[in-house]
Every structure is written in C-alpha cells, then in structure tokens.
Peer 1: 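Before we start, here is the structure in question, set down as structure tokens.
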Amino acid sequence: LVHAIETVIIEWTHQIRDVLKKDSAQFVLNGQFPNPFVELEFWKAKAQNLECIYDQLRDPKVRKMAELLEKTNSSYFPSFKNLFRDVVSALTEAQDINLHLMPVRFHLEDYEQAEFDECEKLFAPLMHVVCLIWAHSEYYNTPGRIVVLLQEICNMVIEMARGYLEPTEIFKGEVEETIEKVRKAQKILKAFKQTYEDHRVKIKDYFKEKEAKEWEFAPQLVFHRFDKFLERVETVMELFETSMEFLKLEKIEFGGIKGKVLSAQTVQIFEEFNELYKVFAEFSGDPLDPLDTDFLPQYEKFKASIADLDRRL
C-alpha cells in the first residue's frame with residue numbers, strides 16, 4: 001500500500017510541478033508579442049488551477065495517505081510536505097497578483113475600445129494603475145514581473161497604431177491625408193513613452209507606508225520593440241515629407257527665355273519621382289514591421305535617388 005501511495009505521489013509531483021513552473025513571461029521568451037490581457041488571463045487561470053490543486057491536497061483521503069507515509073517513515077513524506085508548501089506559497093502569490101491586476105483590466109478595455117487618435121488621454125490613468133500595482137502587490141513588485149506587463153502594454157499600443165495606419169494601404173492613399181495620420185500616430189507614440197517616463201520619475205510617491213522601490217531596470221527592457229516600431233514610423237514619416245516636397249513640382253512653371261526648357265526638365269524630374277514612389281505603392285511587404293527586412297533597402301535606394309533629383313533641381 002505504501003509503495004502504491006509513493007507511486008501516486010511521484011505522479012502528482014510531476015503534474016503539480018508543471019503547473020507551478022508556468023510563467024507568464026514564457027510567451028515573451030518564445031518570441032511572441034502578447035497583449036496585457038494575456039497576462040491577466042494567465043494569472044486568473046493559474047490562481048484557479050492552484051485553488052483546485054490545494055483543495056484536492058486537503059481532501060481527507062489525501063491526508064490519510066500523508067499520515068500513512070509519515071508513520072512508515074517513507075522517504076517520500078518530506079517531498080510531499082514540500083510539495084504542499086510550494087502549492088500554498090504559489091497559490092498565495094497567484095491570488096495576490098490576480099487581485100491586484102483586476103483594476104487594470106477596466107483601463108485596458110477602455111483603451112481597446114477607443115479610437116487610436118483619441119487615446120492619448122488614457123495613458124496617464126493606465127500608467128497610474130500600473131504604479132499602484134507595483135507599490136501595493138507583495139509579489140508583482142519585481143522587475144521581472146512589471147517589465148512583462150509593460151512590454152505587453154507596448155505591444156497593445158503598437159497594434160492599435162498599426163490598425164490606425166493600415167500598413168497594407170499606407171502608400172496607396174493621398175499623401176496629404178496619410179501624412180497627417182502618420183504625424184498623429186508619431187505624436188501619440190511619443191506621448192506614451194513620455195507618460196511612462198513621467199510616472200517612472202515619481203514612482204516613490206506611490207509608497208505611503210513602506211520603503212519605496214524605484215524602477216531601476218533599463219527602459220530598453222520595456223521599449224526594445226516599441227522603439228524599433230517608432231523608428232520605423234519616423235522613417236515612413238520622412239518618406240512622406242520628402243514626397244510632399246516633390247509633389248509640389250507638379251504645379252511649378254518657369255517663365256523667361258529658358259522657361260520652357262526648365263519646365264520640361266522639372267516635369268521630367270517629377271515623373272521620375274513618381275516612378276520612385278510607385279515602388280512603395282506596389283510594395284508587398286509590411287512597411288511598419290521592423291522585422292521586415294525588405295523595406296529599408298528600398299528606402300535607402302529611394303533616398304539615394306532623391307539626392308540625385310535634388311542636385312538636378
């Protein structure tokens with residue numbers, strides 16, 4: 001009977017350890033770009049799973065099994081005790097985190113339902129709640145935890161910006177209209193980063209009754225992907241600003257003796273510019289994806305050709 005119980009304990013240990021070692025950071029480590037709802041659902045599910053395991057381990061039958069292992073001096077009894085202790089510890093952690101993450105859900109839902117070009121005012125309340133979580137949760141106030149949440153919020157902002165700018169259509173519309181959208185997106189992205197910085201500086205103000213813990217981790221950990229995306233948006237912005245200048249050539253006419261010749265040369269330059277820009281209108285990749293390696297070589301070619309057109313002008 002003792003041997004049978006020990007066999008069961010081994011099996012349970014493997015199953016429970018699998019639940020205990022699951023971490024929300026795994027999605028990020030796997031190269032995925034989850035949004036913060038993934039984090040919220042992870043801790044909610046983990047808390048529920050551990051509550052079920054805890055209830056099963058406190059079942060009278062399981063208690064009798066543990067008593068029998070103890071009476072027979074089984075070498076598996078200490079392991080069982082440690083397993084139970086680890087479950088209690090993990091359950092306390094998961095319940096604490098799940099509880100403190102609940103308020104952020106409302107702000108994330110507000111942000112998700114808002115139009116991207118009107119969401120700037122929602123950044124401060126969202127970051128305020130993240131700071132409160134850092135200050136009040138016993139288990140979520142470590143760099144490893146908060147960085148994952150902040151990275152996921154960055155992913156959400158990026159996806160909203162991409163939806164607003166429509167990468168597949170961005171070079172197919174009117175330049176005058178599109179440049180305004182890109183300019184607005186650039187402003188909002190910078191505002192989000194500034195909001196983070198404003199709250200990082202005053203994080204100690206959130207600690208009222210205990211010693212303050214600063215955000216001492218490097219901002220690059222949070223904004224690694226975000227910065228690359230912002231850089232790509234700024235590149236697209238430069239392309240549109242250059243295009244706006246060259247589109248003015250369509251309406252330029254020269255007077256005087258050489259007027260006809262100069263006007264013809266200007267028309268030629270304008271037509272060559274249109275051919276250069278058409279490459280982007282027909283671009284099959286994703287111009288707003290920093291991982292898309294095809295866009296930048298095309299842009300570098302474009303810049304080199306534009307420099308030549310500039311000299312001719």
Peer 1: Given side chains that start at C-beta, do those of Phe27 and Phe33 come closer than 4.5 Å, heavy atoms only?
Peer 2: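 They are not in side-chain contact.
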
Peer 1: Not counting sequence neighbours, which residues clear ring-ring contact (aromatic ring centres under 6.0 Å, His included) with Phe42? List them please.
Peer 2: none

Peer 1: Tell me the closest heavy-atom pair linking Gln95 and Ala47, and the distance in Å.
Peer 2: N-CB, 4.3 Å

Peer 1: In chain order, what residues pass the side-chain contact (heavy atoms from CB on, under 4.5 Å) check against Val8, with sequence neighbours excluded?
Peer 2: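 Partners of Val8 by the side-chain contact (heavy atoms from CB on, under 4.5 Å) criterion, ordered by chain and then number, come out as Trp12, Met65.
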
Peer 1: Indicate the atoms forming the closest heavy-atom contact of Leu221 with Val147, along with that distance.
Peer 2: O-CG1, 4.0 Å

Peer 1: Would you say the side chain of Pro143 lies within less than 4.5 Å of the side chain of Trp134, judging by non-hydrogen atoms?
Peer 2: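 With C-beta onward as the side chain, the pair touches.
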
Peer 1: Who are the side-chain contact (heavy atoms from CB on, under 4.5 Å) partners of Ala264, not counting sequence neighbours?
Peer 2: none

Peer 1: Determine whether the aromatic ring centres of residues Tyr139 and Trp43 are separated by less than 6.0 angstrom.
Peer 2: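 Centroid separation for Trp43 and Tyr139: 6.0 Å or greater.
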
Peer 1: Taking all non-hydrogen atoms of both residues, which atom of Ile170 and which atom of Thr178 are closest, and how far apart?
Peer 2: O-CG2, 3.3 Å

Peer 1: Which pairs, with at least one residue in residues 90-109 and sequence neighbours excluded, count as a ring-ring contact (aromatic ring centres under 6.0 Å, His included)?
Peer 2: none

Peer 1: Enumerate the salt bridge (Lys or Arg N to Asp or Glu O under 4.0 Å) contacts for residues 36-48, please, sequence neighbours excluded, ordered by first and then second residue.
Peer 2: Glu41-Arg105

Peer 1: Please find the pair of heavy atoms, one from Ser74 and one from Pro78, that lie closest to each other, and give the distance.
Peer 2: O-CD, 3.7 Å

Peer 1: Taking side-chain contact (heavy atoms from CB on, under 4.5 Å) as the definition, give me every residue that meets it alongside Asn82, ordered by chain and number, with sequence neighbours left out.
Peer 2: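 For Asn82, the residues satisfying side-chain contact (heavy atoms from CB on, under 4.5 Å) (neighbours in sequence not counted) are Arg85.
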
Peer 1: For the residue pair Lys193 and Phe226, would you count it as a cation-pi contact if the rule is NZ or CZ under 6.0 angstrom from the ring centre and within 45 degrees of the ring axis?
Peer 2: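 Because its charged atom misses either the 6.0 Å distance or the 45° angle limit, Lys193 does not stack over Phe226.
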
Peer 1: Report all side-chain donor-acceptor pairs from residues 86-93 shorter than 3.5 Å, counting only partners two or more places apart or in another chain.
Peer 2:
{"unit_1": "Asp86", "atom_1": "OD2", "unit_2": "Arg17", "atom_2": "NH1", "d": "2.7"}
{"unit_1": "Asp86", "atom_1": "OD2", "unit_2": "Arg17", "atom_2": "NH2", "d": "3.1"}
{"unit_1": "Thr92", "atom_1": "OG1", "unit_2": "Val88", "atom_2": "O", "d": "2.8"}
{"unit_1": "Glu93", "atom_1": "OE2", "unit_2": "Arg145", "atom_2": "NH2", "d": "2.8"}

Peer 1: How would you list, by chain and number, every residue that makes a side-chain contact (heavy atoms from CB on, under 4.5 Å) with Lys187, sequence neighbours excluded?
Peer 2: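 Residues passing side-chain contact (heavy atoms from CB on, under 4.5 Å) with Lys187: Glu120.
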
Peer 1: More than 12 heavy atoms of other residues, nucleotides or ligands under 6.0 Å from OH of Tyr76: is that the case?
Peer 2: no

Peer 1: Which pairs pass ring-ring contact (aromatic ring centres under 6.0 Å, His included) with one or both residues in residues 288-313, sequence neighbours excluded?
Peer 2: Phe280-Phe295, Phe280-Phe302, Phe283-Phe295

Peer 1: How long is the gap from CZ on Phe217 to OG1 on Thr142, to the nearest 0.5 Å?
Peer 2: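 OG1 of Thr142 is found 9.5 Å from CZ of Phe217.
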
Peer 1: Return the set of residues passing side-chain hydrogen bond (donor to acceptor under 3.5 Å, both in side chains) with Arg63 (not counting sequence neighbours), or none when no residue passes.
Peer 2: none

Peer 1: Checking Tyr206 against His128 for the ring pair (Phe, Tyr, Trp, His ring centres under 6.0 Å) test, could you report, in this order, the C-alpha distance in whole Å, the side-chain angles of both residues, the deciding distance, and whether it holds?
Peer 2: CA-CA 9 Å; Tyr206 287 88; His128 174 68; 5.3 Å; yes

Peer 1: Under the ring-ring contact (aromatic ring centres under 6.0 Å, His included) rule, collect the residues that match up with Phe246, sequence neighbours excluded.
Peer 2: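 Once residues adjacent in sequence are excluded, the partners of Phe246 under the ring-ring contact (aromatic ring centres under 6.0 Å, His included) criterion are Phe273.
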
Peer 1: For a quick test of your reading: what N or O donor-acceptor pairs under 3.5 Å do the side chains of residues 156-167 make, sequence neighbours left out?
Peer 2:
{"unit_1": "Arg162", "atom_1": "NH1", "unit_2": "Asp286", "atom_2": "OD1", "d": "3.4"}
{"unit_1": "Arg162", "atom_1": "NH1", "unit_2": "Asp286", "atom_2": "OD2", "d": "3.0"}
{"unit_1": "Arg162", "atom_1": "NH2", "unit_2": "Asp286", "atom_2": "OD2", "d": "2.6"}

Peer 1: Does either side chain, that of Gln268 or that of Glu272, offer a donor lying less than 3.5 Å from an acceptor on the other one?
Peer 2: yes

Peer 1: Can you tell if the side chain of Val261 reaches within under 4.5 Å of the side chain of Gln265, non-hydrogen atoms only?
Peer 2: yes

